[in-house]
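Every number for a ligand or one of its atoms is a count from 1 in the order of the listing. Everything numeric in this text was worked out from a predicted model, so none of it was measured.
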Amino acid sequence: MRRHAYTYDDIQLVPSFSKVISRKNISLFTKVSQHYYLCAPFVASCMDTVCESKMAIKMAEAGGVGCIHRFLSIENECKEVETVVDYIKKNILQKKWSTLSNDWKEEFAIPVMAAVGVNEDFVERAIALVNAGVNIILIDVAHGHHELVQKAIAKLKSVLPKHVDIIAGNIASAQAAKDLENWGADGLRVGVGGGSLCTTRLKTGFGVPNVTCLEDINAVTTLPVMADGGIRTSGDIAKALALGSQTVMLGSLIAGTKESPGQIIEKNNGLFKRYRGAASLETKTAHGKEQRNVEGESTVIPFKGGVKFVLQGLQDGLRSALSYSGANNLKEFKPDYLIVTNAGLTEAKPHLL
Ligand code: XMP
């Protein structure tokens, strides 16, 4: 018999005994890769309508990290990185992070992350990004359980300095996690076909619903796992972390903010910004790529204002989640969960109005 596979809406976390007095004291300190830590488990997705320097700076201010996307020339991706690094250098962040979490130590380095692919210029790009100040390279490909990723990790490990961590993905199976760990990855980006604009599952039939995907992978890996795709609420974030993930990667939740790349679009019914899949026709056209293998949609979404307020809301929700399980920090956050029926899902949402 084949197993069932579940996603965020299929489960609810079960409350347990708590002695947490104030949610404010709950720490969201976590690990994003083997050698780098965050004060909040949020990573901005390396999409061209989500993360360039403005977003990365705001993510860092909130204790998370932004991954600068790779749909730029090497020079321009490096410029975005340099803008982030210049801000970090001001030493404001080290001080701020020590107030955000008691676990933060002076000797930790603030992570600076940027994406590369596995073709063409990726080695040159990675070296330039590291020279610009990046300490985490994310290998950003749709099918991370691939020989090209194995070769890319080996190559990057041989040319980059030791302080640089490599996060690789995307993957969706236990075997992929074991392989990427053996190939030398320092962190895993997990989730295939579950993103808000993804059409991979429709086009190819491939992909694993997020809960099962994260559970399978967290059962076999010692690496920090970044849950990527399909996260719509702080409740989804709590579920991803409850399943053993260390961080979540956010796309749609933080797209459409002041700091996401792109212009505000004025319409009769309000303000909007564009949000487009990395493999959408629009993104491929915008970057002069071949218009084939389209596996994503593009759309406009309502303008949300400053990302700071979105992140604050997510942190508040997540701290509440920890208090429902009696956890003072993410290490202690190991709630049980139940599979719910459709009636349970209906009950879980406001249903009076
Ligand atoms: P959310 O749900 O946060 O998802 O908006 C963001 C994640 O979706 C992935 N992504 C894509 N997946 N086709 C895909 O199959 C695409 O065009 C595409 N664009 C982004 C990516 O993992 C991102 O972090």
Side-chain angles (χ1 to χ4, degrees), residues 7-9 32 41-52 55-56 59 64-71 113-115 117 138-146 149 167-172 176 187-211 213-214 217 225-237 239-240 245 247-257 260-262 273-287 289-302 304 307 310-311 314:
T7 192
Y8 298 125
D9 273 354
V32 66
F42 308 137
V43 184
S45 181
C46 44
M47 296 167 72
D48 72 349
T49 47
V50 176
C51 190
E52 291 176 355
M55 177 63 78
M59 293 299 293
V65 65
C67 184
I68 306 290
H69 71 85
R70 64 186 169 93
F71 302 98
M113 196 190 298
L138 182 138
I139 299 178
D140 169 35
V141 296
H143 181 29
H145 196 193
H146 198 290
V149 172
I167 296 178
N170 281 38
I171 57 164
L188 302 174
R189 184 183 178 204
V190 172
V192 170
S196 60
L197 293 175
C198 296
T199 54
T200 299
R201 292 189 193 167
L202 295 177
K203 283 225 157 178
T204 71
F206 279 83
V208 180
N210 282 319
V211 165
C213 176
L214 292 170
I217 286 179
V225 161
M226 183 191 291
D228 176 29
I231 290 184
R232 304 149 301 173
T233 59
S234 49
D236 288 346
I237 296 176
K239 290 172 186 176
S245 318
T247 60
V248 291
M249 182 168 254
L250 306 175
S252 56
L253 258 181
I254 55 173
T257 54
S260 62
K273 281 185 98 164
R274 288 207 75 75
Y275 179 45
R276 58 193 189 196
S280 65
L281 188 60
E282 186 178 315
T283 301
K284 285 178 190 265
T285 309
H287 301 295
K289 303 245 186 265
E290 216 184 347
Q291 297 178 350
R292 294 180 58 195
N293 305 319
V294 170
E295 281 182 25
E297 298 287 353
S298 49
T299 188
V300 288
I301 56 173
K304 297 173 187 154
V307 72
V310 176
L311 294 173
L314 297 179

Trainee: Does the plane of the ring in H287 sit parallel, tilted or perpendicular to the ring in H69? Use 30° and 60° as the thresholds.
Mentor: tilted

Trainee: Could you give all pairs that pass the salt bridge (Lys or Arg N to Asp or Glu O under 4.0 Å) test and reach residues 189-201, with sequence neighbours left out?
Mentor: D140-R189, R189-D228

Trainee: Using side-chain heavy atoms (C-beta onward) and a distance below 4.5 Å, is H146 in contact with V141?
Mentor: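 Side-chain contact under 4.5 Å: no.
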
Trainee: What closest approach, in Å, do C51 and S45 show between heavy atoms, and which atom pair accounts for it?
Mentor: CB-O, 3.3 Å

Trainee: Under the side chain to side chain contact (heavy atoms under 4.5 Å, CB included) test, which residues partner V294, sequence neighbours left out?
Mentor: K203, L281, K284

Trainee: Sort out the contact shell of ligand 1: every protein residue with a heavy-atom distance below 4.0 Å, listed by chain and number.
Mentor: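 Close residues (ligand 1, cut-off 4.0 Å): S45, M47, N170, R189, G195, S196, C198, T200, D228, G229, G230, M249, G251, S252, Y275, G277, A278, A279, S280, E295, G296.
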
Trainee: Among residues at least two apart in sequence or on other chains, which ones pass side-chain hydrogen bond (donor to acceptor under 3.5 Å, both in side chains) with T283?
Mentor: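 side-chain hydrogen bond (donor to acceptor under 3.5 Å, both in side chains) check on T283 returns R276, S280.
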
